[in-house]
There are 2 protein chains.
Amino acid sequence: MTTDEIREAEAERLRSAGLRVTEPRLAVLAVVTGSEHLDAEAVHARVGVEHPGIPLQTVYNVLGDLSAAHLLRRIEPAGSAALYERRTGDNHHHVVCTRCGAVADVDCVVGHAPCVSPSDTSGFVVHTAEVTFWGLCTSCQQGEAAA
Amino acid sequence: MTTDEIREAEAERLRSAGLRVTEPRLAVLAVVTGSEHLDAEAVHARVGVEHPGIPLQTVYNVLGDLSAAHLLRRIEPAGSAALYERRTGDNHHHVVCTRCGAVADVDCVVGHAPCVSPSDTSGFVVHTAEVTFWGLCTSCQQGEAAA
DNA sequence: CGGGTTTTTTTGAGTCATTCAAAATAACTC
DNA sequence: GAGTTATTTTGAATGACTCAAAAAAACCCG
């Protein structure tokens, strides 16, 4: 696909979500698609490379709108700012490094939500199971010995 | 157990964790033991009933120290402030109401961490799996129809 | 029990991530 | 191209904590 074709495909996704097609939205989608698990600041910084002048507030608005429309997925691991990623709808999970905060995707074995079923849920009707694995990333495993 | 015996038992737990026995700590332990999933503000409010004058900052300090000592467990569901509970070490999980934020415990089927094992962890060494179930609590299920 | 040391609490300020609101601007509809 | 509504922008405000220094209280010791 050419850059223009990708751009039009994104535009179409925005339209079918009932959202207007705007530069900030296309820019944020492009940035988040190209990377994984970025927080608002990071998205803002990367968007700024091609589109200087877009304010952080706009990035927050866009991230909020796109998440609500399920074009982005938002995760909030304990202790870090909200992170955004492009993979949506497949209910995958995450590993977070307890030392440096690095995040990686972990495929869900089951593949659809809720992939784990609780026994007694105190009357709650459960629709999703979110799994966060905590551990040490490769670089922090090495740092561990040194520290 | 009498109140005094409970108090002494808590004091002993503090000591063996290498912490000094202080009124704020005993008060916070008592409050969190009696309820489930309180945030710092709520703990502060309840501590204030018996011990007016203990500042919120002290509650934050105490909650931090007790969590570090594993006398309390801290959870941070997306979208809400950090919550504290007394059950530690059993790696149980939580259901959170997407509408009102209510939290309930969910026993872990396996019973020890990590209870769910990921397949590919991108080189991370995983030591814990934290599961958060999302759904609607009983009251919000009813409110749903009305809304 | 009283002095000394170290931890804890307290007071007070500061930060970060995020939200709220109103005005200005840009998309889409016709 | 004008009108309507969504979005962006500007600017301020908030909530939930954290940081730091001074005051106070625990614990250790003889």
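What you see is a predicted model, and the numbers here were worked out from it, not measured in a lab. Here is the naming used below: chain letters follow the sequence lines, and residue numbers restart at 1 for every chain.
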Legend entry - Any B:Arg25 side-chain nitrogen or oxygen under 4.0 Å from OP1 or OP2 of C:dT8: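 Checking C:dT8 against B:Arg25, a side-chain N or O does come within under 4.0 Å of OP1 or OP2.
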Legend entry - Short side-chain N/O contact to C:dA27 OP1/OP2 from A:Thr22, under 4.0 Å: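 No, no such contact exists.
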Inset, instruction - Could you pull out all residues at least two apart from A:Glu130 that satisfy side chain to side chain donor-acceptor pair (under 3.5 Å)? - result: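 Per chain and number, A:Glu130 pairs via side chain to side chain donor-acceptor pair (under 3.5 Å) with B:Trp134.
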Legend entry - With B:Glu12 via side chain to side chain donor-acceptor pair (under 3.5 Å) - residues at least two apart: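 Only B:Arg15 meet the side chain to side chain donor-acceptor pair (under 3.5 Å) criterion with B:Glu12.
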Taking the minimum atom-to-atom distance to the side chain of [X], which one of [options] wins?
| X | options | answer |
| --- | --- | --- |
| A:Arg74 | C:dT8, C:dT18, D:dT18 | C:dT18 |
| A:Val21 | D:dT8, C:dC28, C:dT18 | C:dC28 |
| B:Thr58 | C:dT18, C:dT10, D:dT8 | C:dT10 |

Inset, instruction - Just call it for B:Ala82: base, sugar-phosphate, or nothing, with non-hydrogen atoms closer than 4.0 Å on any strand. - result: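 Answer is sugar-phosphate: B:Ala82 comes under 4.0 Å of backbone atoms only.
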[atom1] of [X] versus [atom2] of [N]: gap in Å, rounded?
| X | N | atom1 | atom2 | result |
| --- | --- | --- | --- | --- |
| A:Arg20 | C:dT25 | CZ | C1' | 11 Å |
| B:Leu63 | D:dT18 | CG | P | 10 Å |
| A:His51 | D:dT8 | NE2 | C1' | 14 Å |

Legend entry - Closest-nucleotide ordering on DNA chain D, the 5'-leading residue of B:Glu41 and B:Gln57: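 Checking each residue's closest nucleotide, the 5'-ward one belongs to B:Glu41.
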Inset, instruction - For residues B:Leu26 and B:Pro24, determine if any side-chain heavy atom of one lies less than 4.5 Å from a side-chain heavy atom of the other. - result: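 Counting from C-beta outward, B:Leu26 and B:Pro24 never come under 4.5 Å.
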Legend entry - Worked check of side chain to side chain contact (heavy atoms under 4.5 Å, CB included) between B:His37 and B:Glu85: CA-CA 5 Å; B:His37 313 119; B:Glu85 64 185 342; 2.9 Å; yes
